[in-house]
Undergrad: 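Just passing along the structure, written as structure tokens.
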Amino acid sequence: MDNSSGVGVIDKAAQVLDALEAGPTTLAQLVAATGLARPTVHRLALALVHHRLVSRDIQGRFVLGSRLVELASAAGEDRLIASAGPVLMQLRDATGESAQIFRRQGGWRVCVASAERPIGLRDTIPVGTQLSMKAGSAAQVLLAWEDHDRLLEGLQSARFTPTVLAGVRRRGWGQSLGEREPGVASVSAPVRGPSGRVIAAVSISGPIERLTRQPGRLHAEVVCNAGRILTEALRKNND
């Protein structure tokens, strides 16, 4: 399908932003992802940084900028968050555990929506909480479909292994037992944007005593279904 608008510089800037959807990206990775000339990509990226549509992380890599969050908020239609409430409540009620959605922001994953288990022992993760990308099933899911270089970088000092991430890709979901916090288990599945990239992870979490040492066996199907519902909602909203 031809995605050209007829305005070359806008199309190229959009290509750069699309490439950054997957997470922190070096200039060389941007060049490879867009197919544009290196000087062109560099010039566009710096211009987008100037307007805060793109930013740079502590390692100098390009990431989506804070201005995009502001614009989404002003428009009142962050489509993922707008779709999240009913899906997370259904997931919480179906599993009896707290449910969350995480997005990657640089070296962190951030909780952008949640539905807490109302009573009893629970894993409470308020909206806005920043958690490590080095542990937990949501981190596994957010990393598993990255390109080779990002995958290797993400595995440095991680609590999970390449074999674990290969299993996540094969099954379509991840699980963790005490990776992020002792005694806490979780199950996560991908949420994909209209381009097919993994843009978020939908998760449930709670004590290992309830989720058991094989939480995926109990809850992977319903968590994956929540991921598919959110993915479909994003696709419809983009039509």
Side-chain angles (χ1 to χ4, degrees), residues 22-23 80 84 87-105 107-117 120-127 129-146 150-192 196-232:
L80 176 60
V87 176
L88 289 183
M89 286 189 287
Q90 290 171 9
L91 183 57
R92 176 199 63 192
D93 294 345
T95 62
E97 304 296 344
S98 298
Q100 310 90 25
I101 294 176
F102 293 94
R103 278 178 171 151
R104 182 172 183 175
Q105 291 186 5
W108 302 93
R109 53 185 172 101
V110 179
C111 179
V112 298
S114 68
E116 299 289 352
R117 175 185 166 96
L121 186 62
R122 58 189 180 271
D123 184 34
T124 300
I125 304 176
V127 171
T129 300
Q130 289 186 324
L131 298 176
S132 172
M133 277 292 296
K134 301 298 184 179
S137 64
Q140 296 171 17
V141 165
L142 290 169
L143 185 61
W145 284 274
E146 292 278 27
R150 290 197 188 100
L151 200 65
L152 291 179
E153 182 182 344
L155 283 166
Q156 294 176 13
S157 303
R159 297 285 302 276
F160 41 79
T161 66
T163 301
V164 168
L165 295 188
V168 172
R169 290 191 298 273
R170 183 180 67 254
R171 296 188 309 262
W173 53 268
Q175 66 177 4
S176 67
L177 297 169
E179 274 187 12
R180 173 176 60 84
E181 184 177 339
V184 174
S186 66
V187 181
S188 298
V191 178
R192 297 180 183 273
R197 289 186 179 132
V198 175
I199 63 166
V202 59
S203 307
I204 60 163
S205 58
I208 291 176
E209 287 79 3
R210 277 201 309 266
L211 284 167
T212 77
R213 300 197 68 81
Q214 292 184 311
R217 178 174 292 180
L218 289 178
H219 299 305
E221 183 176 356
V222 68
V223 176
C224 286
N225 187 56
R228 285 190 291 268
I229 291 170
L230 290 166
T231 296
E232 180 65 16

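Quick caveat, the model's predicted, so the values are computed rather than measured.
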Undergrad: Pick from Leu165, Val198, Val168: which one makes a side chain to side chain contact (heavy atoms under 4.5 Å, CB included) with Leu143?
TA: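 Looking at Leu165, Val198, Val168, the match for Leu143 under the side chain to side chain contact (heavy atoms under 4.5 Å, CB included) is Leu165.
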Undergrad: Indicate the atoms forming the closest heavy-atom contact of Trp108 with Ser132, along with that distance.
TA: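 In terms of heavy atoms, the two residues are closest at CE3-N, 4.0 Å.
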Undergrad: Taking only residues two or more places apart in sequence, or in another chain, which ones meet Arg104 in a side-chain hydrogen bond (donor to acceptor under 3.5 Å, both in side chains)?
TA: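 Once residues adjacent in sequence are excluded, the partners of Arg104 under the side-chain hydrogen bond (donor to acceptor under 3.5 Å, both in side chains) criterion are Glu146.
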Undergrad: Give, for atom NE2 of His219 and atom CG of Asn225, the distance between the pair rounded to the nearest 0.5 Å.
TA: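 With rounding to 0.5 Å, NE2 (His219) is 14.5 Å from CG (Asn225).
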Undergrad: Would you say the side chain of Arg210 lies within less than 4.5 Å of the side chain of Pro215, judging by non-hydrogen atoms?
TA: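 A side-chain contact under 4.5 Å is absent here.
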Undergrad: For a 4.5 angstrom cut-off between non-hydrogen side-chain atoms, does Leu230 reach Ile101?
TA: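 Yes. Closest side-chain heavy atoms under 4.5 Å.
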Undergrad: At their closest point, which heavy atom of Ser176 faces which heavy atom of Ser137, and how far apart are they?
TA: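 Result for this residue pair: OG-N, 3.4 Å.
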Undergrad: Minimum heavy-atom separation for Ala200 to Leu80, with atom names?
TA: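 Residues Ala200 and Leu80, closest heavy atoms: CB-CD2, 3.7 Å.
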Undergrad: Would you say CZ of Arg169 has more than 12 non-hydrogen atoms from neighbouring residues, nucleotides or ligands within 6.0 angstrom?
TA: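 Correct, the count exceeds 12.
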Undergrad: With sequence neighbours left out, write down each residue that passes side-chain contact (heavy atoms from CB on, under 4.5 Å) with Thr212, or none if nothing qualifies.
TA: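 Once residues adjacent in sequence are excluded, the partners of Thr212 under the side-chain contact (heavy atoms from CB on, under 4.5 Å) criterion are Gln214, Leu218.
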Undergrad: Can you name the nearest heavy-atom pair linking Leu91 to Ala226, along with the distance?
TA: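 That would be CD2-CB, 4.1 Å.
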Undergrad: Tell me which one of Cys111, Ser203, Ser114 satisfies side chain to side chain contact (heavy atoms under 4.5 Å, CB included) with Ile125.
TA: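 It is Cys111, the one option of Cys111, Ser203, Ser114 that forms the side chain to side chain contact (heavy atoms under 4.5 Å, CB included) with Ile125.
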Undergrad: Let me confirm one number: the OG-CD distance from Ser188 to Gln100, rounded to the nearest 0.5 Å.
TA: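 The OG atom of Ser188 sits 8.0 Å away from the CD atom of Gln100.
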Undergrad: Working to the nearest 0.5 angstrom, can you tell me the gap between Phe102 CZ and Leu142 CG?
TA: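 If I round to the nearest 0.5 Å, the distance is 9.0 Å.
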Undergrad: Provide the closest heavy-atom pair for Gln175 versus Gly216 in the form atom of the first, atom of the second, distance.
TA: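 Taking Gln175 first and Gly216 second, the nearest heavy atoms are OE1-N, 2.8 Å.
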Undergrad: Distance-only check: which donor-acceptor pairs under 3.5 Å involve side-chain atoms of residues 151-162, not counting sequence neighbours?
TA:
from: Glu153; atom 1: OE1; to: Arg61; atom 2: NH1; distance (Å): 3.0
from: Glu153; atom 1: OE2; to: Arg61; atom 2: NH1; distance (Å): 2.3
from: Arg159; atom 1: NH1; to: Glu179; atom 2: O; distance (Å): 2.7
from: Thr161; atom 1: OG1; to: Thr163; atom 2: N; distance (Å): 3.4
from: Thr161; atom 1: OG1; to: Val164; atom 2: N; distance (Å): 3.2

Undergrad: Determine whether Leu211 and Val184 make a side-chain contact, defined as any pair of heavy atoms from C-beta on separated by less than 4.5 Å.
TA: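 The answer is no, as the side chains (C-beta and beyond) never meet within the 4.5 Å cut-off.
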Undergrad: For Ala139 and Met133, work out which heavy atoms get closest and say how close.
TA: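 Looks like CB-O, 3.5 Å.
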Undergrad: Counting only heavy atoms from other residues, nucleotides and ligands, does the tally under 6.0 Å from CD of Glu221 exceed 12?
TA: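 Atom CD in Glu221 is not crowded, with 12 or fewer foreign heavy atoms closer than 6.0 Å.
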Undergrad: So, taking the atom named CZ in Arg192 and the one named OG1 in Thr231, what distance separates them when rounded to the nearest 0.5 Å?
TA: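 Arg192 CZ to Thr231 OG1: 7.5 Å, rounded to 0.5 Å.
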Undergrad: Do Val222 and Thr95 have side chains that get closer than 4.5 Å, going by heavy atoms?
TA: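 Yes, at least one pair of side-chain atoms sits under 4.5 Å.
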Undergrad: Under 3.5 Å, is there a donor-acceptor pair between the side chain of Arg109 and the main chain of Leu131?
TA: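 Not at all, since once roles are kept as given, no pair shorter than 3.5 Å links the two residues.
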Undergrad: For the OG atom of Ser205 and the CD atom of Glu181, what is their distance to the nearest 0.5 Å?
TA: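 Between atom OG of Ser205 and atom CD of Glu181 there are 9.0 Å.
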Undergrad: side-chain hydrogen bond (donor to acceptor under 3.5 Å, both in side chains) with Ser98: which of Arg117, Arg92, Glu116?
TA: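 Result: among Arg117, Arg92, Glu116, Glu116 is the only option passing the side-chain hydrogen bond (donor to acceptor under 3.5 Å, both in side chains) with Ser98.
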Undergrad: Quick one: pull up CZ in Arg213 and CD1 in Ile208 and give me the separation to the nearest 0.5 Å.
TA: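 The CZ atom of Arg213 sits 5.5 Å away from the CD1 atom of Ile208.
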